[in-house]
Amino acid sequence: MNALAATNRNFQLAARILGLDSKLHKSLLIPFREIKVECTVPRDDGSFVSYIGFRIQHDNARGPMKGGIRYHPEVDPDEVNALAQLMTWKTAVANLPYGGAKGGIGCNPRELTVSELQRVTRVFTQKIHDLIGIHRDVPAPDMGTNSQTMAWILDEYSKFHGYSPAVVTGKPIELGGSLGREAATGLGVVFATEFLLDEYGMSIANMKFAIQGFGNVGSWAASFIHQKGGKVVAVSDITGAVKNPNGIDIPALLKHKEKAYSLKDFEGGDAMDLNDVLVHECDVLIPCALGGVLNKENAADVKAKFIIEAANHPTDPEADEILSRKGVTILPDIYANSGGVTVSYFEWVQNIQGFMWEEEKVNSELKRYMKRAFNDIKAMCHTHNCNLRMGAFALGVNKVARATVLRGWEA
């Protein structure tokens, strides 16, 4: 099942739980605006290349739309649509005054030089500058983009609208980025894990974790788990996979990856098959990479008791049902990985106020927001007698529906 079909399915189930009016149901599902633009730029060798850029703006009932921009050769309108919708529910679950959006350019950033990437970014910004904005739509980094990409968008947007640091989040610190933003998604994942385990009288210390994906989110999550006494027994990314039943020395693995640009040949563990990390013996599995990695083929072999969805849509609906029957507890993506957008909100607030926070304040506020959202999801689960995924979706959909009705959508 593709990401859009799976997201729509979860929305439909939540709408049924809430007893949503059919007209409102349809209105919430249809994106507010879909943008498709052509971006032609000169290559360094003088030739020209054209790419298609997308921005899906899903909903703005609760505030400006918010979501990442990804550069990937397989940027697909359906997937972008699904991710924009997920951002709408995610920001509502986290109780941030935002709606959802997502965007991207169908290019391979690894095949472009830095100057070519800058030209592509500036042309894309020129095409959409009048459709984004501080109180309209606030982009952020995603797959294939980073703080430098946001710096270029900020600069190009400011040529049209004056200096506007709050137009993007995930910027370099020197241009108004927030302290703590880089680690925010990983730290939020660990806070969410702590809250969930606490419900079962458990803690991170001495529990065994398997982490699929060792990029920004996975590496920060692994570091914080290691600091709190958890044993990370298996780790993988596209370069390789490592296991150690006694726990991997995460700081040593990070140093190795920094030098070798790979997890291969790490002396502090044994090599393993990439796909085996998902079914490795552990207490907690944290998928931090692509969507759809847990499916009907491998779900029955998962040994973890808890799954924390640090990636977007890592569990297919078929896998969801299999894991449910096995008694596996899944903390859904629209809550578990909301630390990034929460600290993006803090960055936006700091930019608008012109007053920057210390990192300690950022992290303590992140923990407070994550705890409140977890309690809200629990309350929804109790009210509707449903699992955590449906509790989170029902919470998000209900908040957006309520805001839509209060604004007088039928007028």
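The structure displayed is predicted, hence computed values, not measured ones.
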Review point. Under the side-chain hydrogen bond (donor to acceptor under 3.5 Å, both in side chains) criterion, do Q85 and W89 qualify, and how do the steps go?
Key: CA-CA 7 Å; Q85 188 190 141; W89 317 134; 3.1 Å; yes
Closest heavy-atom pair and its distance - [X], [Y]:
{"X": "Q57", "Y": "A101", "result": "CA-CB, 4.1 Å"}
{"X": "V217", "Y": "V189", "result": "CG1-CG2, 4.4 Å"}
{"X": "S219", "Y": "G215", "result": "OG-O, 2.6 Å"}
{"X": "T88", "Y": "G100", "result": "OG1-N, 3.1 Å"}
{"X": "Y369", "Y": "A94", "result": "CD2-O, 3.6 Å"}
{"X": "A234", "Y": "M272", "result": "CB-SD, 4.1 Å"}

N-O pairing of [X] and [Y] below 4.0 Å:
{"X": "K257", "Y": "D237", "result": "yes"}
{"X": "E258", "Y": "K255", "result": "no"}
{"X": "K367", "Y": "E360", "result": "no"}
{"X": "E358", "Y": "K361", "result": "no"}

Sidechain-backbone polar pair: [X] side chain, [Y] backbone, donor-acceptor under 3.5 Å:
{"X": "K102", "Y": "R55", "answer": "no"}
{"X": "T91", "Y": "Y98", "answer": "yes"}
{"X": "Y157", "Y": "Y163", "answer": "no"}
{"X": "R407", "Y": "A61", "answer": "yes"}
{"X": "N375", "Y": "R372", "answer": "no"}
{"X": "K378", "Y": "A373", "answer": "no"}
{"X": "S262", "Y": "K264", "answer": "yes"}
{"X": "S338", "Y": "Y335", "answer": "yes"}
{"X": "N216", "Y": "E182", "answer": "yes"}
{"X": "T113", "Y": "E116", "answer": "yes"}

Item to complete: Go through the steps for R9 and L4 under the test side-chain contact (heavy atoms from CB on, under 4.5 Å), then give the verdict.
Response: CA-CA 8 Å; R9 177 183 179 274; L4 184 58; over 6 Å; no
Taking C-beta and beyond as the side chain, do [X] and [Y] meet within less than 4.5 Å on heavy atoms?
{"X": "D137", "Y": "P64", "result": "no"}
{"X": "L388", "Y": "I377", "result": "yes"}
{"X": "N351", "Y": "M356", "result": "yes"}
{"X": "L294", "Y": "V302", "result": "yes"}
{"X": "V235", "Y": "V277", "result": "no"}
{"X": "I330", "Y": "N387", "result": "no"}
{"X": "K305", "Y": "V328", "result": "no"}
{"X": "V123", "Y": "T40", "result": "no"}

Distance, nearest 0.5 Å, that separates [atom1] of [X] from [atom2] of [Y]:
{"X": "E359", "Y": "N363", "atom1": "CD", "atom2": "CG", "result": "5.0 Å"}
{"X": "I69", "Y": "T125", "atom1": "CD1", "atom2": "OG1", "result": "6.5 Å"}
{"X": "N108", "Y": "I105", "atom1": "CG", "atom2": "CD1", "result": "12.5 Å"}
{"X": "L274", "Y": "T239", "atom1": "CG", "atom2": "OG1", "result": "8.0 Å"}

Please confirm whether the ring centroid of F124 lies under 6.0 Å from the ring centroid of Y51.
no
Discussion item. Between F266 and H256, is the ring centroid distance below 6.0 Å?
Written reply: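 Between H256 and F266, which both carry aromatic rings, the centre distance is below 6.0 Å.
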| said: Using the rule given for side-chain contact (heavy atoms from CB on, under 4.5 Å), can you reason through L24 versus V405, listing the C-alpha separation, both sets of side-chain angles and the distance that settles it, and then say yes or no? | reply: CA-CA 8 Å; L24 179 59; V405 170; 3.8 Å; yes
So, applying side-chain hydrogen bond (donor to acceptor under 3.5 Å, both in side chains) with T169, which one of E347, Q350, K66 is it?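 That would be K66; it is the only one of E347, Q350, K66 passing the side-chain hydrogen bond (donor to acceptor under 3.5 Å, both in side chains) with T169.
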Under 3.5 Å, is there a donor-acceptor pair between the [X] and [Y] side chains?
{"X": "N244", "Y": "K231", "result": "no"}
{"X": "E79", "Y": "H313", "result": "no"}
{"X": "N146", "Y": "T149", "result": "yes"}
{"X": "Q126", "Y": "R122", "result": "no"}
{"X": "N312", "Y": "N337", "result": "yes"}
{"X": "T315", "Y": "E309", "result": "yes"}

Kindly assign one of parallel, tilted or perpendicular to the pair [X] and [Y], based on the angle between their ring planes and the thresholds 30° and 60°.
{"X": "W357", "Y": "F346", "answer": "tilted"}
{"X": "H161", "Y": "H129", "answer": "tilted"}
{"X": "F224", "Y": "W220", "answer": "parallel"}

Which residue pairs pass the ring-ring contact (aromatic ring centres under 6.0 Å, His included) test when at least one of the two sits in residues 188-210, sequence neighbours left out?
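The answer is Y200-F306.
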Evaluate whether atom CD1 of I352 has more than 12 neighbouring non-hydrogen atoms of other residues, nucleotides or ligands under 6.0 angstrom away. yes
Other residues, nucleotides and ligands only: do more than 12 of their heavy atoms fall within 6.0 Å of NZ on K371?
yes
| task | Start with the C-alpha gap between R389 and D320, add the side-chain angles, then the distance that decides, and say whether salt bridge (Lys or Arg N to Asp or Glu O under 4.0 Å) holds. | result | CA-CA 10 Å; R389 188 180 307 284; D320 232 347; 2.6 Å; yes
Below 3.5 Å, can you tabulate the donor-acceptor pairs from side chains in residues 282-293 to any protein atom, sequence neighbours excluded?
residue	atom	partner	partner atom	Å
D283	OD2	K208	N	2.7

Practice item. Go through R181 and S344 one step at a time and tell me if the side-chain hydrogen bond (donor to acceptor under 3.5 Å, both in side chains) criterion holds. Key: CA-CA 7 Å; R181 174 62 186 87; S344 275; 3.0 Å; yes
Q: Tell me, please, which residues at least two apart from K36 pass salt bridge (Lys or Arg N to Asp or Glu O under 4.0 Å).
A: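 By the salt bridge (Lys or Arg N to Asp or Glu O under 4.0 Å) rule, K36 matches no residue at all.
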Result for side-chain contact (heavy atoms from CB on, under 4.5 Å) between D59 and one of I30, L29, L28 points to L28
field: Evaluation steps, side-chain contact (heavy atoms from CB on, under 4.5 Å), between F393 and V93
entry: CA-CA 8 Å; F393 264 88; V93 167; over 6 Å; no
- Task: May I have the step-by-step check of side-chain contact (heavy atoms from CB on, under 4.5 Å) for L117 and W152, ending in yes or no?
- Result: CA-CA 10 Å; L117 279 170; W152 292 329; 4.0 Å; yes
